[in-house]
Amino acid sequence: MSSHRYDPAEIEPRWQAAWEERQAFRTPTDPELLRKRPKCYVLDMFPYPSGAGLHIGHPEGYTATDVVARARRMQGFNVLHPIGWDAFGLPAERAAVRENEHPAKITARNVDNFRGQIKRLGFSYDWEREVDTSSADYYRWTQWIFLKLYERGLAYMAEVPVNWCPALGTVLANEEVKEGVYVETGDPVERRSMKQWMLKITEYAERLLDDLEALDWPEHVKEMQRNWIGKSQGAEITFPVVGADGEPLDGEPSFTVFTTRPDTLFGATYCVLAPEHELVAAITSEAQRTAVDEYVTRARAKTELQRTDLAKEKTGVDTGAFAINPANGEKLPIWVADYVLASYGTGAIMAVPGQDQRDWDFAETYELPIVRTVQPPDGFDGKAYLGDGPAINSGFLDGLEVEEAKQKMIDWLVQEEKGTARVEYRLRDWLFSRQRYWGEPFPVVHVLGEDGEPSGEIVPLSEDQLPVELPLIDAYKPTEDGRPPLARASDDWLIVTLPDGRRARRETNTMPQWAGSCWYYLRYIDADNDEQAWDPELEKYWMPVDLYIGGVEHAVLHLLYARFWHKVLFDCGLVSTKEPFQRLFNQGMILAHSYEDAQGRYYHPSDVEFGDDGSLTAKSNGEKLTSRVEKMSKSKLNVVNPDDVIAEYGADSLRLFELFLGPLDQQKPWSTRDVEGVYRFLQRVWRLVVDPETGELSGKLTDEPGESQDELWRLLHKTIQKVGDDIDSLSMNTAISQMMIFTNAATSAEELPRETVRIFLRVLSPFAPHIAEELWHRLGEQELVCNQHWPVFDEGLVVDDLINLVIQVNGKKRDMLEVPQDTPKDELEKLALGSEAAMKFLEGREPKKVIVVPGRLVNIVG
RNA sequence: GCCGGAGUGGCGGAACGGUAGACGCAGAGGACUUAAAAUCCUCCGCCUUCAUCGGCAUGUGGGUUCGAAUCCCACCUCCGGCACCA
C-alpha cells in the first residue's frame with residue numbers, strides 16, 4: 001500500500017494545531033476593522049455537557065453553522081462564531097448525589113470531554129469566548145439581570161399552585177410538564193400550592209406574539225409560539241347569583257366568566273365553576289353541600305394526569321344556586337365541574353351546549369337544556385354547531401352573523417355595564433424557582449424578624465454584592481424537612497447582616513436551567529468583561545444574531561424565555577434590538593437503525609448479519625431480527641459516537657456526511673457505512689493534487705491558465721455559484737453534490753490547471769477544511785486557505801453556449817437537439833417542426849399551437 | 001379533535017410549472033492484480049423487446065395548464081406540536 005494516500009488521522013490534528021497557533025478564528029476586535037466590514041453573528045444552541053458525551057446529532061447543526069461562518073469570513077465579514085456550555089442542570093446534580101462529588105467537578109469533567117470531541121471536528125469557534133453558565137464569572141451577570149427584572153416588578157414571590165415532581169424533589173415550569181409528567185424524565189407531577197418565584201412573562205404576551213411577525217423563523221416554530229401564548233379575544237360577563245327562590249343571596253355575590261363567544265349568551269343554559277373557584281363554598285345550597293364538598297375534595301386529590309386523562313367523561317355537581325343570564329334574565333343552574341380549569345380565564349364559564357361540544361356533552365349527561373343560537377346549515381347532523389351562521393333565539397342579535405353578533409353583544413354589555421371586551425392568554429407567568437443545588441442562587445435575602453423567622457420582607461442585594469456564590473454543602477439533596485439543598489448551608493453563608501443592621505436569610509431556591517441560556521448570546525459578545533455584562537457599543541455592532549441553529553425541541557421553552565428576557569433588557573435600554581435571533585433554523589433529528597428480535601431484545605449493529613436477500617440475523621445467537629429507524633438511545637443500542645466515525649474516516653468525512661445526508665431541517669436516518677461515499681470523494685480530491693504513489697504533486701497539474709480547459713473552467717464557475725447559493729439557503733447536501741460533480745470531471749480531465757484546483761480548494765474549504773488546508777499548502781501556498789477570499793464566479797461562464805433543446809409533442813418529450821443558447825424563438829420553432837422524430841407523433845395532423853420556451857424546449861400541440 | 005409538515009428507485013435523496021430520479025449508498029458485469037484491497041470503466045425505476053421503438057411511473061382520485069412531483073380540491077398514510085384554554 002502506498003504511504004501517500006489521503007490520511008485524515010495524520011493531517012487533521014496538524015491543521016487544528018496550526019489554526020490555534022495562528023489564531024485563525026479569533027473574532028476581530030480592532031474598532032477600525034469592525035467599522036470597515038459588515039458583521040455576521042453565527043450561533044449554535046450551546047450544549048448541555050452530559051456525561052454521555054457528544055452523539056452524532058450534535059455536529060449536524062454545528063457543521064452547518066461552521067460552513068456558514070467559514071464562508072462568511074472568506075466573503076469579507078467580521079464573524080462572531082462562539083461556543084459554550086449550558087452547564088447548570090439536573091443530571092450533574094443527580095450524579096453528584098450518586099457519587100458524592102461536587103457537581104462542579106463532574107461538570108468540568110464533562111465539559112473537557114465535550115470540548116475535546118468538538119475540537120476534533122475542526123470547527124472554527126473563537127475559543128477565547130467560551131462561556132460556562134455555571135461559573136461565578138458568568139452567573140454573576142445572570143443574577144444581575146434578575147435584579148433588573150426584580151426592579152421592574154417582573155419578578156415576584158407568590159403562593160401558587162405549582163407542578164411538584166416528587167421524584168425530583170422540585171417544582172417545574174408549565175412548559176416542562178406535559179400530560180402530567182416531566183417531559184425530560186417521565187416522572188409524574190402533582191399539583192401543590194407553594195410560595196415560589198414567578199416572572200411576569202404574561203406582561204409581554206402581546207409583544208412576544210406581535211414581534212414574531214418580522215422574524216425569519218420556520219413558520220411552524222412561530223406557530224408553536226403563537227399557540228403557546230394562546231391569545232383569545234372575547235368578553236368578560238358578570239352573572240349575579242341568586243338562590244333557588246330567585247332572591248339574591250347574602251352579600252349579593254356574582255361571578256365573572258370569560259367567553260370567546262359573547263354572541264351565544266342567549267344560548268347559555270347553565271354555568272360552571274371550577275372546583276377551586278372561591279365562590280363555590282359560599283353559594284352552595286344546604287341541600288347540595290355534602291355532594292359539592294365531596295366532589296371538590298375528590299377533584300383536588302386528582303393529579304393533573306387524572307384530571308386531563310380520565311376527565312373525558314365529564315362529571316360535576318349542582319350547587320343548588322342559580323345565576324341570572326344578563327341578556328334575558330333567565331335563571332341558570334350553577335354547577336361545579338372539573339372540566340372547567342381554575343387556571344384559565346376566570347375559572348368560571350357560561351355553558352352554551354348549542355355551540356360548544358364540551359358543554360353539549362355535559363348537558364346530555366346531566367339532562368340540562370340545550371338551545372341553539374346559531375342556525376346550522378341544512379343537513380347539519382352534528383351536535384354542537386361551531387360554524388358561522390345567522391343568530392337565532394337571541395333577541396336583538398337575531399339574523400346577525402357570528403362576527404357582527406359578537407360585536408353587538410359586547411357593545412350592549414358595555415352599555416348595560418354587565419361585561420366588557422377582554423383578551424385572554426393561555427400563557428401563564430413563568431415559575432422561576434427550583435429546589436435544587438446546581439443552579440444560580442437568587443440575589444435576594446429575606447429579612448428576619450425579632451423572632452428570627454422571615455418577616456416576609458424581601459431585599460434585593462446591590463450589584464456590588466454579586467456574585468452570590470454557591471456555598472459548599474454536605475449533601476446535594478433537600479433537607480430532612482423538605483427545604484431546598486441550599487438550606488443545608490452553614491449560617492456563614494445563609495445569614496446576612498444588612499447595611500441597616502437587620503439580619504436576613506438568603507433565598508435557598510435556585511434558578512431553573514433556562515436562566516443561563518436566556519442571555520448567553522449576549523455574553524459571547526464581550527465574554528471577558530468583568531466590569532459589565534457586555535459593552536453596549538459591541539452589543540450594538542454584533543446584535544442581532546444573524547443565524548441561530550438548534551433543535552426544534554426548544555421551539556417554545558428556551559426561545560420564548562430568551563425572547564422575553566431580551567425584551568426586558570431592551571426596555572432597560574441595555575440592548576439595541578427588540579428581538580435576539582433574526583434568523584432561526586432547526587436541524588432535523590438524526591435517527592438510526594435499531595435491531596430487535598421477536599422478544600423485543602435489541603442488538604448492536606455490529607452483531608447484525610445482513611443477508612443478500614435483505615434478511616437480518618444476529619451473529620451472536622442466530623435470532624431473526626427486524627430493523628426500525630428510531631431516535632438514538634442507549635437502551636436501543638443504536639447510538640453512534642462521532643469519535644468512532646472520525647477514527648475510521650476522519651473529521652472532514654464526518655462533516656461532509658452530516659450535511660450530505662439530506663436537507664438540514666429533515667429527520668434522517670444515519671448509516672455509518674454510507675460515510676464511505678464522501679470519504680471516496682475526499683480521496684479523489686486528494687488525488688487531484690497528490691500522486692499517491694510518490695507523494696509528489698500530481699503529474700496532471702499544469703501552469704496553464706484555468707481557461708485552457710474550457711469545459712472544466714465553466715464547471716468550476718458553476719460550482720462556485722451553486723455552492724455559494726446553497727450555503728446561503730443552507731442546502732448543504734446539494735452544495736456537496738455539486739463539488740462531487742466537479743471533482744469527478746476534474747478527475748477524468750487529461751490536464752488540470754493549478755489555478756482551477758486552487759479556486760476549487762477555496763470553495764471546498766468551509767466543508768472539509770483540513771484536507772483543503774493540506775492540499776493548499778502542498779500547492780506551495782504559505783497562507784491559510786481559510787483566510788483566502790471566496791472566489792467570484794464569472795456570469796458569462798455559468799451559462800452554456802450550447803443547450804439541449806427538448807422537443808415535445810403534446811407535452812411529451814420526443815426529440816432533443818443541441819442548439820446555441822441564444823437561438824431566436826422563431827428559429828427554435830422552425831427547428832422543432834423540422835424534427836422527424838417529433839413530427840411523426842403528430843401522425844400527419846397540423847400543429848395547432850407551438851409553445852417555445854427559449855433556452856429550454858418547444859412544445860408542439862396537435 | 002385542532003394546527004403544522006411530509007409521501008419520488010432496493011436505500012439517503014435531486015429537480016425556477018418545462019428532459020423525473022442529479023449526487024451518493026447498495027447491487028451486477030468488466031479492466032488492472034498471482035490474488036485480494038484500492039482504483040478505473042459500464043449497467044442499474046417498472047413493463048414489453050434479442051435490441052431499439054414504445055408504454056407505464058413521483059401515496060389515491062379529480063381539476064387548472066400547451067405542459068404538473070411542483071398549483072388547486074377531496075381522500076389515504078406517516079411524522080411533529082397542541083389538546084376539556086370556554
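Source: prediction; values computed, not measured. To find a chain, count down the sequence lines: A is the first, B the second, and so on, and within it residues start at 1.
Within 4.0 Å of A:D359, counting heavy atoms only, lies no atom of the nucleic acid at all. Backbone-only engagement by A:F841 is indicated by non-hydrogen atom pairs under 4.0 Å involving sugar-phosphate atoms exclusively. Counting any heavy atom pair closer than 4.0 Å across all strands shown, A:R226 reaches no nucleic acid atom. A:K849 comes within contact range of the sugar-phosphate backbone alone, with a heavy-atom separation under 4.0 Å but no base atom that close. Within the 4.0 angstrom heavy-atom criterion, only backbone atoms of the sugar-phosphate kind lie near A:K812; the bases stay farther away. Across all strands, A:M816 comes closer than 4.0 Å to base atoms (heavy-atom distances). Using a 4.0 Å heavy-atom cutoff across all strands shown, A:Q738 reaches no nucleic acid atom at all. Here A:I349 lies in heavy-atom contact (under 4.0 Å) with a base. Within the 4.0 angstrom heavy-atom criterion, no nucleotide atom of any strand lies near A:T747.
Close to B:rC23, at under 4.0 Å from its OP1 or OP2, lies no side-chain N or O of A:R684. The phosphate of B:rG13 (OP1 or OP2) has no side-chain N or O of A:T734 nearer than 4.0 angstrom. Phosphate proximity of B:rG67 to A:N810: absent, as no side-chain N or O sits under 4.0 Å from OP1 or OP2. For A:R680, a side-chain nitrogen or oxygen approaches OP1 or OP2 of B:rC25 to under 4.0 Å.
Rounding to the nearest 0.5 angstrom, the gap separating the OG1 atom in A:T346 from the CG atom in A:L279 is 11.0 Å. Going from atom CG of A:L664 over to atom CD of A:E658 covers 10.0 Å, rounded to the nearest 0.5 Å.
Picking from B:rG81, B:rG54, B:rA22 the nucleotide with the shortest atom distance to the side chain of A:S737 gives B:rA22. Candidate nucleotides B:rC82, B:rA14, B:rG24 were compared by shortest atom distance to the side chain of A:R426, and B:rC82 ranks first. When each of B:rG24, B:rC66, B:rC16 is scored by its nearest atom to the side-chain atoms of A:V861, the top-ranked nucleotide is B:rC66. Across B:rC16, B:rA83, B:rG13, the shortest atom-to-atom separation from the side chain of A:P663 is found for B:rG13. Listed candidates were B:rA86, B:rA83, B:rC66. Nearest to the side chain of A:V340 is B:rA86. For A:N733, taking side-chain heavy atoms from C-beta onward, the closest of the listed nucleotides B:rG13, B:rA86, B:rC66 is B:rG13. For A:Q683, counting side-chain heavy atoms from C-beta on, the closest listed nucleotide (B:rA38, B:rC23, B:rU19) is B:rA38.
Spacing of C1' atoms, B:rA57 relative to B:rU48, comes out at 15 Å, to the nearest Å. Taking atom P on both nucleotides, B:rA20 is separated from B:rU70 by 14 Å, rounded to a whole Å. Comparing B:rC75 with B:rG21, their P atoms are spaced 33 Å from each other, to the whole Å. Going from the P atom of B:rG5 to that of B:rG9 covers 23 Å, rounded to whole Å. Taking atom P on both nucleotides, B:rC79 is separated from B:rC73 by 24 Å, rounded to a whole Å. B:rA35 and B:rA22: their P atoms are spaced 34 Å apart (whole Å). Rounded to whole Å, the separation between the P atoms of B:rC56 and B:rG17 comes to 25 Å. Comparing the same atom, C1', in B:rA69 and in B:rU19 gives a spacing of 14 Å after rounding to whole Å.
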Sort me out a list of protein N/O and nucleotides 1-12 of chain B N/O pairs below 3.5 Å, or just none if empty.
from, atom 1, to, atom 2, distance (Å)
B:rG12, O2', A:L661, O, 2.6

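We find that CD of A:E829 is positioned 16 Å from P of B:rC66, with the value rounded to whole Å. Protein atom CZ of A:R261 is 11 Å distant from nucleotide atom P of B:rA86, rounded to whole Å. When rounded to the nearest whole Å, the span between NZ of A:K813 and P of B:rA57 equals 17 Å. Rounded to whole Å, atom C1' of B:rG81 lies 15 Å from atom CG of A:L560. Note: CG (A:L857) to C1' (B:rG18) measures 4 Å, nearest angstrom. In this structure, CD of A:E676 is placed 13 Å from C1' of B:rU39, rounded to the nearest angstrom. Separating the CG atom of A:N859 from the C1' atom of B:rA68 is a distance of 13 Å, rounded to the nearest angstrom. Rounded to an integer number of Å, the gap from A:E693 CD to B:rU39 P is 13 Å.
Between A:E364 and A:K314 no salt bridge is recorded (no basic side-chain N to carboxylate O distance below 4.0 Å).
For A:E236 and A:T256, the side-chain atoms include no donor-acceptor pair closer than 3.5 Å. A donor and an acceptor atom, one from each side chain of A:D725 and A:Q721, are nowhere located under 3.5 Å apart. A:T315 and A:Y295 share a donor-acceptor pair across their side chains, judged by distance under 3.5 Å alone.
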ask   = What dot-bracket string describes RNA chain B from 5' to 3', counting Watson-Crick and G-U wobble pairs whose defining distances are under 3.5 Å, with [ ] for crossing pairs and | for pairs to another strand?
value = (((((((..(((.....[....))).(((((.......))))).(((......)))..(((((..]....))))))))))))....
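Between A:R814 and A:R687, the one whose closest nucleotide on RNA chain B sits nearer the 5' end is A:R687.
Between A:F258 and A:Y344, the ring-plane angle classifies as perpendicular under the 30° and 60° cut-offs. Ring pair A:F255/A:F239 is parallel by interplanar angle, where below 30° counts as parallel and above 60° as perpendicular.
Between the side chain of A:Q355 and the main chain of A:T373, a donor-acceptor pair closer than 3.5 Å is present.
Aromatic ring centres of A:F362 and A:Y270 lie closer together than 6.0 Å.
Shown here is A:E10, whose CD atom has more than 12 heavy atoms of other residues, nucleotides or ligands within 6.0 Å. No more than 12 heavy atoms of other residues, nucleotides or ligands lie within 6.0 Å of CD in A:E213, so this atom counts as exposed by the packing criterion.
At least one side-chain heavy atom of A:L661 sits under 4.5 Å from a side-chain heavy atom of A:F657.
In this structure B:rG9 sits in the syn conformation; its chi angle is within 90° of 0.
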